[in-house]
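Working notes for the structure below.
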Amino acid sequence: PADELFYVSGAIGNAIANFKTLVQPWEQATGHTVTIVPMPASTSDQFAQYRLWLAAGTADIDLYQTDVIWAPQLADHFVDMAEPAKDLVPQHFPSIIESQTVGGKLVALPIFTDAPALYYRKDLLEKHGKPVPTTWEDLTETARAIQDAERAAGKADFWGFVWQGNAYEGLTCNALEWVKSFGGGQIVEPDGSISINNAQAAAALDLVKGWVGSISPAGVLAYQEEEARGVWQTGNAVFMRNWPYAYGLGNGTDSAVQGLFDVAPLPSGGGHEGSAATLGGWNIAVSKYSTKQDAAISLALYLAGPEAQKQRAISESNLPTIVALYDDAEIAAAQPIIPLWKDVFTQAVPRPSAPTKGKYNEVSARFWSAVHNTLSGNGTAAENLELLELELSDIKGSSW
Amino acid sequence: MAKIELNNVTKTYGAHQVIKGIDLEIRKGEFMVFVGPSGCGKSTLLRLISGLEEISTGDLLFDGTRVNGLVPSKRGIAMVFQSYALYPHMKVYDNMAFGLELAKSSKDEISRRVREAARLLQIDHLLDRLPKELSGGQRQRVAIGRAIVRDPKVFLFDEPLSNLDAALRVQTRLEIANLHHAMKDVTMIYVTHDQVEAMTLADRIAVLRDGRLEQVGTPAELYERPNSLFVAGFIGSPKMNFLTGAFAAAENCITLGIRPEHVTVTDPAAARWSGEVVHAEDLGSDNYLFVQIGADTPVIVRQPGKLTIPLGSRIGLSPDPAHIHRFDADGTPVR
Amino acid sequence: MAKIELNNVTKTYGAHQVIKGIDLEIRKGEFMVFVGPSGCGKSTLLRLISGLEEISTGDLLFDGTRVNGLVPSKRGIAMVFQSYALYPHMKVYDNMAFGLELAKSSKDEISRRVREAARLLQIDHLLDRLPKELSGGQRQRVAIGRAIVRDPKVFLFDEPLSNLDAALRVQTRLEIANLHHAMKDVTMIYVTHDQVEAMTLADRIAVLRDGRLEQVGTPAELYERPNSLFVAGFIGSPKMNFLTGAFAAAENCITLGIRPEHVTVTDPAAARWSGEVVHAEDLGSDNYLFVQIGADTPVIVRQPGKLTIPLGSRIGLSPDPAHIHRFDADGTPVR
Amino acid sequence: MPQPIKTVAFYALVAGIVLFSVFPFYYAIVTSFATGTALFEANYWPKAFDLSNYSAVLGGRNFGRSILNSLFIASTTVICALFLAVTASYALARVRFRGRGLLLMTILAVSMFPQIAVLAGLFEVIRFLGIFNTPWAMILSYTIFTLPFTVWVLTTFMRDLPVEIEEAAIVDGATPWIIITRVFLPLLWPALVTTGLLAFIGAWNEFLFALTFTSSETTRTVPVAIGLLSGASQQEIPWGPIMAASVIVTVPLVILVLIFQRKIVAGLTAGGVKG
Amino acid sequence: MTFLPLRSGEPSLLQQRQRAAFWFLAPMLAALICVAAWPLLRTIWFSFTDTTLSDLYGGQWIGFDNYLSMRTLSSGRTVWRGTLVDPAWWNAVWNTLRFALVSVTLETVLGLIVALVLNAEFRGRGLVRAAILIPWAIPTIVSAKIWAWMLNDQFGIINDMLLSLDLIDQKIAWTASADTAMYAVLIVDIWKTTPFMALLILAGLQMVPRDIYEAARIDGIHPVKVFFRVTLPLIRPTLMVAVIFRMLDSLRIFDLVYVLTPNSAATKTMSVISRENMVDFDKFAYGAAQSTLLFSIIAIFVLLYIWLGRVDLTGDSSR
Ligand SMILES: Nc1ncnc2c1ncn2[C@@H]1O[C@H](COP(=O)(O)OP(=O)(O)OP(=O)(O)O)[C@@H](O)[C@H]1O
Ligand SMILES: Nc1ncnc2c1ncn2[C@@H]1O[C@H](COP(=O)(O)OP(=O)(O)OP(=O)(O)O)[C@@H](O)[C@H]1O
Ligand SMILES: [Mg+2]
Ligand SMILES: [Mg+2]
C-alpha cells in the first residue's frame with residue numbers, strides 16, 4: 001500500500017522547496033509519498049520540539065532530520081538502522097557514522113555534513129608578505145601585524161581574527177578545535193573519560209584569551225556565525241573561523257571581500273601536529289512510533305544514499321558524507337568549494353556527544369561556560385578547567 | 001393595586017444604622033411624600049422600597065405579600081434617581097426607551113410613549129443628544145421622562161424637580177398631579193425638600209428624622225397640628241417662630257410656636273410683643289420682616305404686599321391666638 | 001476687587017449656539033443672580049466666566065483687563081458645580097482642604113477653616129466619609145463647603161441649594177448672604193431657579209432666555225416692572241396670570257398680567273371678573289385658588305390663611321388696578 | 001513657563017517618545033530594503049528600495065496563509081477571552097459573594113508558571129481533546145495568558161462604573177446579561193479596546209505554543225513562519241527577509257490600533273450621574 | 001467561593017445576581033481548568049519524580065530530592081543536592097529579581113509619562129498612539145534580534161550613534177560583556193513593554209471623571225499636584241493591575257534573554273535555567289522543580305505586593 005510519510009526538518013535555504021524534486025525518484029519507485037514538515041532553523045527550537053513529540057510518542061511524524069549531536073540523546077526513540085543500512089554504511093566517513101552510533105545502535109543516517117575552516121584574506125597576506133598561518137601562534141602574530149598596519153592606514157575598525165565567542169554551542173565547537181589542535185584531547189574521550197583538565201587545553205585557552213580585545217573585538221564574546229561574517233564580509237578582518245556557508249556569501253557581488261579570500265584548514269598550536277575541525281551536519285532518523293516504518297526506512301536509506309547526497313551537493317552545496325562524492329566531477333564543477341573541504345574533513349573531530357549520551361548538552365554547556373568565563377576574565381584557564389573537570393565528573397556520576 | 005406596608009424596617013450600612021425601624025402603610029393609589037432633613041434617610045427608604053437595597057431587618061409588603069427578597073423589576077416600580085443615573089452612552093431617546101425595549105413593547109408604541117413624555121417635559125428637541133450635552137435641568141427631565149414612560153404600578157421619585165426652574169417646576173408638578181389623578185391605582189412615593197411640592201402634591205406626608213418616622217398625616221394635619229416641635233419647625237416656609245423663656249411661660253409651655261403668617265404687625269403700644277425690624281426680605285409678593293423682640297432669634301413675620309416699614313423701626317407684633325402652638329420640654333405638643 | 005464685564009460674549013457647541021451675545025457688567029462686590037428657564041445657558045455663562053469653557057467670540061474683562069485666555073486658577077474664583085464634581089477618592093475633609101493646601105496655609109489654619117465651614121453646613125460629623133457614602137444634600141453641602149473655605153475674590157455658585165431641605169436651605173442662604181455682607185469686595189454670581197433665593201439674595205438679577213439677556217435689574221424692578229412678558233411670567237411664584245382677548249382689550253393691551261396676590265376674592269356680583277373655583281392648593285400658610293373665568297387657563301388667586309371657599313363655588317375676582325401689567329403683541333410692556 | 005515654551009517642550013517630548021518607540025522599527029524597515037553586505041553596515045537611510053526581501057517573504061510557501069491563520073487565531077482568542085472576561089469580571093467586580101479575592105488570586109496563579117513548564121501537560125490536553133494541529137489548539141492554549149489578564153483588567157475597570165447607572169438599569173428591568181451588554185460594555189470601551197489590543201498582540205506574537213501544537217505548514221502562525229525563514233545554510237540568518245516579514249506582520253497591527261484607538265476616549269461616563 | 005444560601009421562594013436581587021455571577025464565572029473557570037489545571041498540577045507532580053523527557057511516563061516518586069536532598073558519603077561527609085543548593089539557580093533567582101525590580105519600576109514610570117502625553121489632546125494623537133504600540137507589536141523573537149543587531153559592537157547602529165555623538169570613545173560590546181549584558185536586556189525590555197504599561201494606564205486615565213479636573217483647575221492646583229493627589233489615586237487600581245502583570249511577566253522573562261544573551265550567567269533568569277534543565281539537559285523533573293519554585297516565588301511576590309500595596313482585591317472598600 002502507498003503510505004504517506006511525514007518528515008520533519010529544519011527549513012534551510014531552498015532545501016524544503018527542492019525536497020520535492022529530491023524525493024521524486026524515490027516516490028516514483030516506491031509509490032509512497034512524503035510531506036515535509038518544516039521547522040524553524042533554530043536548532044534549539046527544533047530539539048525541544050522533537051523531544052516533546054517523541055516523549056509523547058507522537059505517530060504524526062515518521063522521520064526526523066537530526067543534528068549530529070542529537071543522536072545519542074534521542075537514541076531511545078529511533079529505530080536501529082544498522083541492519084537496514086549495512087550496505088550503505090561503509091561508503092560514509094567512518095567518523096560520522098561513529099558519531100551516530102550509540103551502544104552499537106545506528107540511530108540515524110548521515111545525509112550531509114559540515115565543518116569549519118579558516119578564512120583568510122589573500123590580498124592582505126600578500127600585501128604584507130605573510131604566509132597562510134598553520135599554527136595559532138603564527139595566526140596571532142600575522143593578525144596583529146596586519147591589523148596594526150591596516151589601522152595605521154586609517155581603517156580604525158579593522159580586526160585580525162573573528163570567530164564565535166558567544167556562550168553557545170558554537171563556542172564549544174571553536175574551543176574544541178583549539179583544545180584538540182593543541183593536543184588537549186576532546187573534552188570527554190570516546191571511552192567516557194574526562195580529559196579536559198590538562199596543560200595543553202589551558203595553554204590553548206590562554207592563547208585565545210590574549211586575542212580578545214587585541215586581535216579580536218571585545219564583542220567577539222557575543223558573536224555567533226553571522227556577527228563574525230558581518231565583520232569579515234565588510235572587509236574588516238584578516239581571518240575568520242567559519243562554516244562553508246560564508247564562502248558563497250563572501251563571494252557575492254556586493255561583498256567587500258569578493259574574490260579576495262580563500263580557505264584553509266584551521267591551524268594547530270602548542271607544538272602539536274594536526275589541526276581540528278568540529279564536525280557538524282545532519283542525519284535522518286526513523287521514529288520508533290511511526291506506523292509506517294518500512295516506508296520510512298526506505299526513505300532514510302534513499303536520502304542518505306549517494307544519489308540523493310549528490311543531488312543535494314549540487315543543488316544546495318551540502319557537503320556529502322559519502323567519501324567518493326568528493327571526487328565526483330559533476331559536483332566539483334557545480335560546487336567548486338566541496339573538494340576544497342575534503343582536506344578539512346580529514347581533520348574533523350566529533351563533539352563528545354556519543355560518550356556523554358543524554359548528558360551531552362549539559363556537558364557542552366558547562367564547557368562553553370568555562371571557556372567563556374576564561375575568555376571574559378573570570379578566573380584563569382587552569383582554574384576554570386579544573387572546576388570544569390569537577391563539574392563534569394559530578395554530572396557523569398558513576399557512568400554517562 | 002399596590003398597597004405598601006413597612007413593618008419595623010431597618011437598614012444598616014456597616015456599623016451605621018441609617019433607617020431605625022419604620023412602620024408605615026402607604027395606601028393603594030396614594031400620593032405619599034417623604035420629607036425630612038438632608039441625610040435623614042429619605043433616599044435610603046425609597047431604595048429599600050424599590051428593592052435596590054436589601055432590608056436589614058423588618059418586612060416590606062406589597063399588597064400583603066412579603067417582598068423583601070423580590071427583585072426590583074418584579075415589583076412593578078419606576079424610579080427617578082436623585083443623581084439622575086442616566087445611561088451616559090445613550091441618546092436621550094434611548095435612555096427613555098430602554099425600559100420599554102426590555103419589556104418588549106413594539107417600536108411604534110415605544111416611540112409614541114417616549115415622544116409623548118418628551119413633549120410633556122419639553123425635551124422633545126433634545127431626543128438626539130447625549131446626557132453630557134444637556135443642562136442640569138434637562139438631565140433631570142430626562143430622568144423623570146424615563147420613569148413615566150414605563151407606566152408602572154408604583155412610582156418612586158427622589159427629588160425629581162430640584163433642578164428645574166420655577167415655571168417648569170410648577171408645570172411638571174401639575175403633570176405629576178395629573179398623572180396621579182389619571183391613574184388612580186398608581187401609588188406614588190415622592191421625596192422632596194420643597195414645601196410647596198409636599199403640601200400641594202401629597203395625600204399624606206411622612207416626616208422623617210434621623211431614620212425614624214416623626215409624623216405621618218395629611219398636609220393640613222401636619223401644618224396645623226404638628227405632633228412635635230420638630231415637625232412644627234420642619235413644615236412650613238419660612239419656618240415657624242419658636243419662643244422660649246418668658247414668652248413661652250406666658251402660654252404655660254416650654255416652647256411657643258407661631259408661624260410668620262399668623263403674626264400681624266400692630267402698633268407697638270397695643271401689641272403683645274414689640275421689637276425692632278432688623279432685617280427684611282422682599283419676595284415681591286410678600287415681605288419677611290425679622291423682628292428682634294428679645295428672644296434668641298428674631299421673629300419672622302410675613303407681610304403681604306410691598307414693604308412699607310423701614311428697617312430699624314420699632315413695631316408691635318400680635319400673634320393670632322388660634323394659631324399658637326405650645327410644646328413641652330420634650331417637644332410634644334400641649335393641647 | 002473684581003468688576004466683571006462681558007462684551008458681546010457668545011458660545012457655540014458644535015453647530016449649536018448656546019450663548020448668543022451677552023453684554024453685562026457685574027459690579028465689584030455685587031451679588032448677581034442668573035435665572036432663566038432650564039437650558040437657557042446659565043451654567044454655560046458661569047463656566048465662561050470661570051474660564052472652564054472658552055469664549056467663542058466676544059470679550060470677558062475682569063477689572064478692565066481682558067481675561068479670555070487666562071486660566072481659571074489665575075482669575076481668583078471659587079466655584080460650586082451643579083454636578084458637585086467632588087473628588088471621589090478623598091474624604092470630605094480632604095475634598096474641602098485640598099484647595100487650601102496649595103495656598104500653603106498652615107495645617108492648623110486649614111483644619112480650622114474646614115471645620116468652621118463644615119459646622120456651618122452641618123457636615124462636621126461627615127468629615128471622614130467618602131462622597132459616595134453621602135446623601136445628595138450632603139454632597140451638595142460638601143461642594144459648597146469646598147468653595148467657601150477658599151475665600152476668593154469671585155464666587156460662582158451653580159444652583160448650590162437645589163438638593164437641600166427647606167430649613168437648611170434658608171439657613172445656608174442666610175449664610176451666603178452673610179458671607180456677602182462680610183466680604184464687601186467679593187463679587188458673587190449665583191445661578192438658581194428658586195424665586196425666593198433670587199429675590200432675597202440678589203443685588204441684581206439677570207434673566208436669561210435662550211442664550212440672551214432678557215432683563216437685568218434689582219429684584220424689585222424685575223418684579224414690579226418687568227421689561228417683557230417673558231420676565232413677568234418668569235419672576236414670581238406662582239406665575240403671573242396672563243389674560244388675553246376681551247379681558248386684555250378692556251385694558252387696551254394685548255396681554256394683561258396680574259399676579260395671584262393682587263387679585264382679591266369678592267362677591268361675584270360686585271366683581272370685575274367672576275368664575276368657578278376649579279382647583280385649590282393648600283400650602284398651609286396660603287391657598288391657591290384656580291378660578292375659571294372664561295380665559296384659556298384658570299386664574300390663580302392667592303388667598304392667605306385657611307381655605308374657606310369650597311371647590312365649585314362661584315366667586316368674584318377683583319384685580320388691584322395698581323398692579324395690572326399690560327403688554328403689547330410683541331410682549332413689551334405698555335406703560 | 002510661558003505657553004509657547006510649554007508647547008515646544010511638549011512636542012519635543014512627543015517626538016522623543018515616538019523616536020524611541022519607532023526607531024528600531026524604522027531600522028527594521030531600512031534593513032528590509034537591504035540585501036547582502038549592506039546588512040552589515042549601520043545605515044540611517046535606505047540605500048535603495050529593493051523589494052526582493054518582500055517578494056521573497058510573500059512569495060514564500062504559505063506566508064499569506066500564516067497571516068490568515070494568525071488573524072483567525074488571534075481574533076478568535078480575543079473574542080473568546082473578552083467574552084469570558086467581561087461576564088466573569090462583572091461577577092467579580094459587582095456582585096458580592098465570599099471568596100472573590102481568592103478567586104481572583106487563583107485566576108492570576110494560572111499565569112504564574114513559565115510557559116515552557118506547562119508545555120508538556122498542555123500538549124497532553126491538546127492531544128486528549130484531539131485538536132492537535134488545528135487552530136483550536138492555539139486558541140485554547142492562549143487563554144492561559146489572555147484570560148487572567150483580561151479578567152483582572154476588566155474587573156478593575158468594571159468596579160469604577162457608577163453604581164447608580166446599574167441600579168437604574170435594574171429598575172428598568174435589565175437582567176445582569178443586559179446590564180453587561182447594553183449598559184456597561186459601551187462604557188468600557190477604553191478598557192475593552194486596550195485589553196483587546198494587548199491580548200491580540202500577545203496571541204499574534206506567541207511562538208512556543210504555536211510551534212509545538214502544529215505540525216503542518218498550513219496551520220502555522222506568523223511568528224513560526226518568521227522562524228521558518230532561513231538562509232541558505234544553517235548558520236546564515238536571513239536578515240533581510242526576517243525584517244521584511246516583521247514589517248509585514250506589524251503593519252496590520254498598526255492599522256488595527258489606528259482603527260480601535262478612537263474608542264479609547266475620555267468622558268464616556270460623563271453626564272450620567274452627579275456627585 | 002460561597003454564595004449566600006438561597007431562601008425559599010423567589011430569589012432576592014442579591015441572590016439573583018449571585019446566581020448570575022455563578023453562571024458568568026463558570027465558563028471562564030471551565031476554560032481555565034481545562035487549559036491550566038492539568039498542566040500546572042502535572043508539572044508540580046513531575047517535580048517530585050525523576051521523570052525525563054525521554055521517558056515522560058516512567059518517572060518514579062522521589063519526594064523532595066529535586067529540591068533538596070542529603071546524602072552521606074562513605075567518607076562520612078554529607079553533601080546536599082537539589083535546586084535549593086544549586087548556585088546556578090540562586091544566581092538566576094538573583095538575576096531575575098534584579099531585572100524584575102528595575103524593569104518594572106522604569107516601565108511604570110515611563111509608561112505613566114507616555115500615557116499622560118497620550119492623554120493630552122493634540123493633533124496626530126491617533127498616529128502617535130499607534131506608533132507607541134509598535135514595539136509591543138513586533139514579535140519578541142524578532143525585536144530581540146533587531147536589537148541584537150542594533151547593539152552589535154562592530155556594525156550596530158547604537159554604537160555608531162553614540163560614537164558620532166561623542167558619548168563613547170570606543171565601541172561597546174553590549175551583549176558580550178557581563179557588565180553591560182543586563183543593561184542591554186533591560187533597555188530592550190523597557191523599550192518593548194513600556195507600551196503595554198502606557199496603554200493600560202491610558203485606559204485608566206480615560207475613565208477618570210472629567211469634572212473633577214475642572215474643580216482642580218478652578219482651585220488652581222498645580223498640575224503636578226493634581227497628578228499625584230487626584231489622578232494617581234484614581235488610576236491606582238489600574239496601575240496596580242498593570243504592575244502585577246508586568247511583574248508576572250518580568251519574573252518569568254524568557255524570550256528576550258534567550259535570544260539576546262542566551263547563556264550569559266549575568267543575565268540567565270529562572271525561566272531560562274528551568275527550560276535549560278527541562279529540555280536541553282534532559283533533567284525534566286529538576287526543571288519542573290525549578291518551575292515550581294519560580295511559581296512559588298512569583299506567588300510570594302504577588303501576595304506581598306498585594307498586601308503591601310493594599311491592592312483591593314474584592315473592591316469592597318471602594319463601593
Ligand atoms: N457639551 C454640550 N454640547 C452640546 N450642547 C450643550 C453642551 N452643554 C450644554 N449644552 C446645551 O446648552 C444649553 C445651555 O446649557 P446650560 O447647562 O448652560 O443650561 P442651564 O441654563 O444651566 O440649565 P439648567 O438650569 O437646566 O442647569 C442647553 O440647551 C444644553 O443642552
Ligand atoms: N453607602 C453608604 N455608606 C454609608 N453611609 C451611607 C451610605 N449611603 C448613605 N449613607 C448615609 O445614610 C444617611 C441617609 O442617607 P440618604 O441618602 O437616605 O439621605 P436623604 O434623606 O436622601 O438625604 P438628602 O435629602 O440629602 O438626599 C446619610 O447620613 C448618609 O450619609
Ligand atoms: Mg436623598
Ligand atoms: Mg445649569
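Since we're looking at a predicted model, the values are computed, not measured. Atoms considered below: every heavy atom in the structure, side chains included; atoms not considered: hydrogens, waters and symmetry mates.
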Spacing of [atom1] belonging to [X] relative to [atom2] belonging to [Y], to within rounding of 0.5 Å:
{"X": "D:Thr195", "Y": "E:Phe245", "atom1": "OG1", "atom2": "CZ", "result": "11.0 Å"}
{"X": "E:Asp160", "Y": "D:Tyr44", "atom1": "CG", "atom2": "OH", "result": "4.0 Å"}
{"X": "D:Thr87", "Y": "E:Leu25", "atom1": "OG1", "atom2": "CG", "result": "7.5 Å"}
{"X": "D:Thr194", "Y": "E:Leu199", "atom1": "OG1", "atom2": "CG", "result": "4.5 Å"}
{"X": "E:Leu239", "Y": "D:Thr156", "atom1": "CG", "atom2": "OG1", "result": "10.5 Å"}
{"X": "E:Phe301", "Y": "D:Met112", "atom1": "CZ", "atom2": "CE", "result": "12.0 Å"}

Flag the one option from [options] with the top tally of heavy-atom pairs under 4.5 Å to chain E.
{"options": "D:Leu208, D:Val118, D:Leu187", "value": "D:Val118"}
{"options": "D:Leu13, D:Val18, D:Leu140, D:Val86", "value": "D:Leu140"}
{"options": "D:Leu147, D:Thr143, D:Val254", "value": "D:Leu147"}
{"options": "D:Ser141, D:Ser89, D:Ala28, D:Pro24", "value": "D:Pro24"}
{"options": "D:Val222, D:Leu198, D:Thr250", "value": "D:Leu198"}
{"options": "D:Phe207, D:Trp204, D:Phe157", "value": "D:Phe157"}

How about [X]: does its [atom1] atom have over 12 heavy atoms from other parts shown lying under 6.0 Å from it?
{"X": "D:Phe23", "atom1": "CZ", "value": "yes"}
{"X": "E:Tyr57", "atom1": "OH", "value": "yes"}
{"X": "D:Arg262", "atom1": "CZ", "value": "no"}
{"X": "E:Phe295", "atom1": "CZ", "value": "yes"}

Contacting region of [X] [heavy-atom separation from chain D under 4.5 Å]:
{"X": "E:Ala288", "answer": "neither"}
{"X": "E:Val279", "answer": "side chain"}
{"X": "E:Ile253", "answer": "neither"}
{"X": "E:Met161", "answer": "both"}
{"X": "E:Pro237", "answer": "both"}
{"X": "E:Trp23", "answer": "neither"}
{"X": "E:Arg236", "answer": "neither"}
{"X": "E:Ile146", "answer": "both"}

Counting only heavy atoms closer than 4.5 Å, note whether [X] contacts chain E via side chain, backbone, both or neither.
{"X": "D:Ile180", "answer": "side chain"}
{"X": "D:Ala109", "answer": "both"}
{"X": "D:Phe20", "answer": "both"}
{"X": "D:Phe10", "answer": "side chain"}
{"X": "D:Leu129", "answer": "side chain"}

Nearest heavy-atom pair of [X] and [Y]: which atoms, and what distance?
{"X": "D:Ser21", "Y": "E:Pro135", "answer": "O-CG, 3.5 Å"}
{"X": "E:Lys145", "Y": "D:Trp239", "answer": "O-CH2, 3.3 Å"}
{"X": "D:Val125", "Y": "E:Cys34", "answer": "CG1-O, 3.7 Å"}
{"X": "D:Arg94", "Y": "E:Arg17", "answer": "O-NH2, 2.7 Å"}
{"X": "E:Pro139", "Y": "D:Ile226", "answer": "CG-CD1, 4.5 Å"}
{"X": "E:Trp136", "Y": "D:Asn205", "answer": "O-ND2, 3.4 Å"}

When you measure from the side chain of [X] to the backbone N and O of [Y], does any donor-acceptor pair fall under 3.5 Å?
{"X": "D:Ser246", "Y": "E:Val142", "result": "no"}
{"X": "E:Arg252", "Y": "D:Phe113", "result": "yes"}
{"X": "E:Arg275", "Y": "D:Ile116", "result": "no"}

Sort out for me which of [options] touches chain D most, counting heavy-atom pairs under 4.5 Å.
{"options": "E:Leu248, E:Leu251, E:Ile306, E:Thr140", "result": "E:Leu248"}
{"options": "E:Gly126, E:Ser143, E:Ala20", "result": "E:Gly126"}
{"options": "E:Arg125, E:Arg210, E:Met207", "result": "E:Met207"}
{"options": "E:Trp147, E:Phe284, E:Trp149, E:Trp38", "result": "E:Trp149"}
{"options": "E:Leu200, E:Val128, E:Leu294", "result": "E:Leu200"}

Find out whether D:Tyr26 and E:Ile134 are in side-chain contact, i.e. whether some heavy atom of one side chain is under 4.5 Å from a heavy atom of the other.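 They are not in side-chain contact.
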Is E:Val35 close to D:Val110 at the side-chain level, that is, under 4.5 Å between some pair of heavy atoms?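 No; the side chains remain at least 4.5 Å from each other.
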Once you measure the plane-to-plane angle for E:Phe122 and D:Tyr11, does it fall in the parallel (<30°), tilted (30-60°) or perpendicular (>60°) bin?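 Aromatic pair E:Phe122/D:Tyr11 classed perpendicular.
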Parallel under 30°, tilted from 30 to 60°, perpendicular over 60°: which one fits the rings of D:Trp177 and E:Phe24?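 Ring orientation, 0 to 90° scale: tilted.
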I would like to know whether D:Ile17 and E:Ile132 meet side chain to side chain contact (heavy atoms under 4.5 Å, CB included); could you show each step before the answer? CA-CA 8 Å; D:Ile17 291 171; E:Ile132 296 286; 3.0 Å; yes
One pair to check against side chain to side chain contact (heavy atoms under 4.5 Å, CB included): D:Val95 and E:Phe22. What are the steps and the verdict? CA-CA 10 Å; D:Val95 182; E:Phe22 175 79; over 6 Å; no
E:Leu29 vs D:Leu103, test: side chain to side chain contact (heavy atoms under 4.5 Å, CB included). Steps then yes/no. CA-CA 10 Å; E:Leu29 288 176; D:Leu103 195 58; 4.1 Å; yes
With side chain to side chain contact (heavy atoms under 4.5 Å, CB included) as the criterion, how do E:Ile158 and D:Tyr27 come out once you've worked through the C-alpha distance, each side chain's angles and the decisive distance to 0.1 Å? CA-CA 11 Å; E:Ile158 304 276; D:Tyr27 188 65; over 6 Å; no
